[in-house]
Amino acid sequence: MIGAEGKLFRPLAFTKTMALTASLIIALFLIPPFAAVFFKKNNLKQNSKYILNAILVMLGITAIFYGYWLGLILIAFATTAFLGILGKVSSKRANLINIIISVVAIILLLAAYWRPLGFDRSIFMNLIFVSIICFGLLGSFSIFRNYYSRILQWALANKLFFLIIPTTVLTLGFIIMKNTGKEFMPSLNEGSFLLMPTSLPHAGVEENKRVLQQLDMAVASIPEIETVVGKSGRTESALDPAPLSMYENVIQYKSEYMRNSAGERQRYQVNEDGLFVLKNGNFIINPNNELDDDIHYEESQLQTTATRDDLVPDNNGEYYRNWRPKIKSPDDIWNEIVRVTKFPGITSAPKLQPIETRLVMLQTGMRAPMGIKVKGQDLQEIEAFGLQLENILKQVDGVKEQAVYADRIVGKPYLLIDIDRKQLARYGISIMAVQEILQVAVGGMPLTQTVEGRERYSIRVRYPRELRENPSDLENIYVPVEKGSPVPLGQLVNIRYEQGPQVIKSEDTFLLGYVLFDKLDGFAEVNVVENAQAMIKGKIDSGELVVPKGINYQFTGTYENQLRAEKTLSIVVPLALIIIFLILYFQFRSVATSLMVFTGITVAFAGGFIMIWLYGQDWFLNFSFFGENLRDLFNMKTINLSVAVWVGFIALFGIATDDGVVMATYLTQTFDRENPTDKKGIRLAALEAAEKRIRPCLMTTVTTILALLPVMTSTGKGSDIMIPMAIPIFGGMVIDITSYFIVPVLYSWKKEFQLKRARK
């Protein structure tokens, strides 16, 4: 992978490769010699048990000494082992105790560090919730394990009828894949926003300064906002070609949960209006220590001498929620920002984040993830055509109407001073003399520098503002004449206003203008661009839109990255599948057996798409459990096909192959050993082999699903990428349960067909 996706996923690939390589080395070269040493003789085996248990106890005591309560788990394992060695506990019961210790330890760890219900709920509630999920999942698979033989017997007896199930799953998966939206990459949550509206081109310096200050104050009034810093215009650098009318407000919002210092006690809560309310009801105070005029206060509630320092956080390092109850996600904070920044004279802005926007601007030059580049030779024509595209884009399905904006290129007022050469010749004044007078009077001329430490400041000479504020003042500036009286500038020049471009952009030798737009929530980026392309083409074909001569337009943005990544993935994904098939063939030396194992991959592939589709359905898991809506808990929303999703599928292919390999390997060994000669014997051999291997297959599925649950409920930074990666793996592994039946059924079918052909 190259570009942004390569930067993001290449470290993941290296990490996983090195981890698997290390595990392979340990399994092949370290475990066998250690096993040979420890279990060579009975007395050595007995001694090694004492040594290992003593090591466990020492490690446990050391861990407790350093404050890690997991040391208790190690001591519990060692104690159980000592009791088994001494004959106090049977090996079966010791194994059961070890399982219970492991389960309790895992549940406690998950409750403490996963916290699925949130940090605002007690650890006890989280413990109960985690216990229900873990025991429910393990219980479901235990029931499945008990009934597996009966279901497989029925499947072996009704092969065609059974195979309708995986065929239906495959069909649904491929239908969903064709109808799933596409995007380049899910937007990463950076913990900050970049508000980039623009004013109209004719707005002056003072007006832009005033509006920028109002934007900062309006955003800072939102309780969830920590800091906001606005910028207008640019520094003297070619790397930041921003006109004065383009604002950049970097907004940092507070973390949803905060943890207070040990020993402090929470005495307040945040209400719907963002006011801090003391729990004992003494007074109400807002973040700026001011009372809200729109809220009625009882006299007993007021205590204006209180400061924000009186509001100390929660008890003994506990987490508390830092957002108002109505603010559920960063999207709600952005909606609040949009609501309070609706000022006359400025445009709306797409939802942006600082790092993401800088990358988009470096790649395309635009300040939005989607847009159209309009190229031509005349700025007025470019602007006029851009305005036509703006009106069309507002009608496109999936486009956020208020975020569509075509560059207003020509519209900035310029004061033109045309020098009358005849008049200059009449008075004997040179053009350079007039220009120097204008430079000094209006623009200012640096004479020298002042040095203050390491800082240097220019000392400029310039007319005071009241002598150069308007054109009539400029006309009264006197130009000295050699051997004569000074002449007013108004007699030497013609002064007039004229509209011109506020900024000139070019690309590929053409002048350039942008038409920016954004998508609505729930729509895929690529689908929205394709809808826009189709509508514009339709308007051109019908004659409603005429492209002027010398003007051309091109869609740009992260859409281009998606097309590039799609080309890469169209090679990478089939290549991964081909390599997996070759590895399977080298293992079994049979195309038929390799294809049987490969069916698990195809079913898992379809299962991943079914899970993606379910995530986008409002009815799926739309109910509350322990006061939490499961859709909110598992971050369920419309998931589009992106590079992150395809990386998840590539990982799924490898995991889904494991179960089929384990099952097919034992089926091959069983049939080679027993060599059944009738249909009944073939089915019994398939049933025996499958029963022997169902436990390790279930272990693969259960451990994968359990490991993915914390990822799918995560809300921190990076979760926007991890969740789309985890969803296809989760859905694929759930559906992959059918491979526990498909491989034995197909293997049995193959052997029965070979037997029938041999008899003929």
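- R210 pairs with exactly one of Q213, Q214, E206 by the side-chain hydrogen bond (donor to acceptor under 3.5 Å, both in side chains) rule, that one being Q214.
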*Where do L492 and D420 land on the side chain to side chain contact (heavy atoms under 4.5 Å, CB included) test, with the steps shown first?*
CA-CA 6 Å; L492 304 175; D420 190 337; 5.9 Å; no
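- The ring pair (Phe, Tyr, Trp, His ring centres under 6.0 Å) test applied to F193 returns Y253, W334, not counting sequence neighbours.
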*Between I536 and I372, does a side chain to side chain contact (heavy atoms under 4.5 Å, CB included) hold up when you go through it step by step?*
CA-CA 11 Å; I536 292 172; I372 303 175; 3.9 Å; yes
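- Classification of K412 and E383 as a salt-bridged pair fails, no side-chain N sitting under 4.0 Å from a carboxylate O.
- A pairwise comparison of heavy atoms in A524 and G181 identifies CB-CA, 3.4 Å as the closest pair.
- Side chain of D518 to backbone of K400: no donor-acceptor contact under 3.5 angstrom is found.
- S199 and E207 are not linked by any side-chain donor-acceptor pair at a separation below 3.5 angstrom, with hydrogens and angles left out of the test.
- Between T558 and M185 the shortest side-chain heavy-atom distance does not fall below 4.5 Å.
- In this structure a side-chain-to-backbone donor-acceptor pair under 3.5 Å is present from K231 to G233.
- Taken to the nearest 0.5 Å, the CG atom of D378 stands 4.5 Å off from the CD atom of E381.
- Across T509, N552, D508, a single residue satisfies side-chain hydrogen bond (donor to acceptor under 3.5 Å, both in side chains) together with K375, and that is D508.
- The backbone N or O of P501 lies less than 3.5 Å from a partner atom in the side chain of Y414, making a donor-acceptor pair.
- When all heavy atoms are compared, the tightest approach of D720 to N189 is OD2-N, 2.9 Å.
- Judged purely by distance below 3.5 Å, without hydrogens or angles, the side chains of S245 and T198 never pair a donor atom with an acceptor atom.
- Interatomic distance, D473 CG to R465 CZ, rounded to the nearest 0.5 Å: 11.5 Å.
- The neighbour count for K7 NZ, taken as heavy atoms of other residues, nucleotides or ligands under 6.0 Å away, does not exceed 12.
- A donor-acceptor pair is defined here as one N or O able to donate and one able to accept, closer than 3.5 Å; no such pair exists between the side chain of D407 and the backbone of G513.
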_Please evaluate residues I346 and Y247 with respect to the criterion side chain to side chain contact (heavy atoms under 4.5 Å, CB included), reporting the C-alpha separation (whole Å), side-chain torsions for both, the decisive distance (0.1 Å), and the verdict._
CA-CA 10 Å; I346 66 168; Y247 308 137; 3.9 Å; yes
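- The local environment of CD in Q380 is sparse, with at most 12 non-hydrogen atoms from other residues, nucleotides or ligands closer than 6.0 Å.
- Interatomic distance, CD of E390 versus CG of L516, reported as 9.5 Å (0.5 Å rounding).
- Other residues, nucleotides and ligands place more than 12 heavy atoms under 6.0 Å from the CG atom of L520.
- Considering CD of Q502 and CG of L379, their distance stands at 11.0 Å, rounded to 0.5 Å.
- With respect to the salt-bridge test (charged N to carboxylate O, under 4.0 angstrom), the residues R496 and D418 qualify.
- Proximity of L545 to Q388: side-chain heavy atoms (C-beta onward) are separated by under 4.5 Å at one or more points.
- Put simply, the side chain of I437 does not reach to within 4.5 Å of the side chain of L489, judged on heavy atoms.
- A donor-acceptor pair is defined here as one N or O able to donate and one able to accept, closer than 3.5 Å; such a pair exists between the side chain of W323 and the backbone of K254.
- A distance of 4.0 Å separates CE in M196 from CD in E248, rounded to the nearest 0.5 Å.
- The heavy-atom pair separating S187 from Q353 by the smallest distance is OG-NE2, 3.1 Å.
- Of all the heavy atoms in A565 and V643, the pair that sits closest is CB-CG2, 3.7 Å.
- A heavy-atom distance below 4.5 Å is found between the side chains of R408 and L387.
- Checking D216 against N249 by side-chain atom types alone, a donor-acceptor pair falls below 3.5 Å.
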_side chain to side chain donor-acceptor pair (under 3.5 Å) assessment of N640 paired with S642_ = CA-CA 6 Å; N640 298 313; S642 63; over 6 Å; no
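- Using modelled atom types, one side-chain atom of D332 and one backbone atom of S329 make a donor-acceptor pair closer than 3.5 Å.
- Using a cutoff of 4.0 Å between basic side-chain nitrogens and carboxylate oxygens, E5 and R564 are scored as salt-bridged.
- Residues L195 and P197 form a side-chain contact, since some pair of their non-hydrogen atoms from C-beta on lies under 4.5 Å apart.
- Looking at heavy atoms from C-beta onward, Y553 lies out of side-chain contact with V515 at the 4.5 angstrom threshold.
- Enclosure of atom CZ in F523 by more than 12 non-hydrogen atoms of other residues, nucleotides or ligands within 6.0 angstrom is indicated.
- In this structure, the separation between CD1 on I251 and OG1 on T341 is 7.5 Å, given to the nearest 0.5 Å.
- Shown here for Q562 and V526, the closest heavy-atom pair between the two residues is CG-CG2, 3.2 Å.
- Side chain of E482 to backbone of G428: no donor-acceptor contact under 3.5 angstrom is found.
- Minimum interatomic distance between M246 and R367 (heavy atoms only, all atoms of both residues): SD-CD, 3.7 Å.
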_Test side chain to side chain contact (heavy atoms under 4.5 Å, CB included) applied to E336 and R339, step by step_ = CA-CA 5 Å; E336 286 284 295; R339 182 181 64 81; 3.1 Å; yes
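- The pair K182-E530 does not meet the salt-bridge criterion, since no charged nitrogen lies less than 4.0 angstrom from a carboxylate oxygen.
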Just list the side-chain donor-acceptor pairs under 3.5 Å for residues 449-458, sequence neighbours left out, or say none.
from: E455; atom 1: OE1; to: Y457; atom 2: OH; distance (Å): 2.5
from: R456; atom 1: NH1; to: G453; atom 2: O; distance (Å): 3.2

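- When the shell of 6.0 Å around OH of Y478 is examined, it contains 12 or fewer heavy atoms from other residues, nucleotides or ligands.
- You'll find the side chain of I431 reaches within 4.5 Å of the side chain of R421, heavy atoms only.
- Counting only distance, with no hydrogens or angles, the side chain of N476 and the backbone of S472 share a donor-acceptor pair below 3.5 Å.
- Between L415 and Y497, some side-chain heavy-atom pair lies under the 4.5 Å cut-off.
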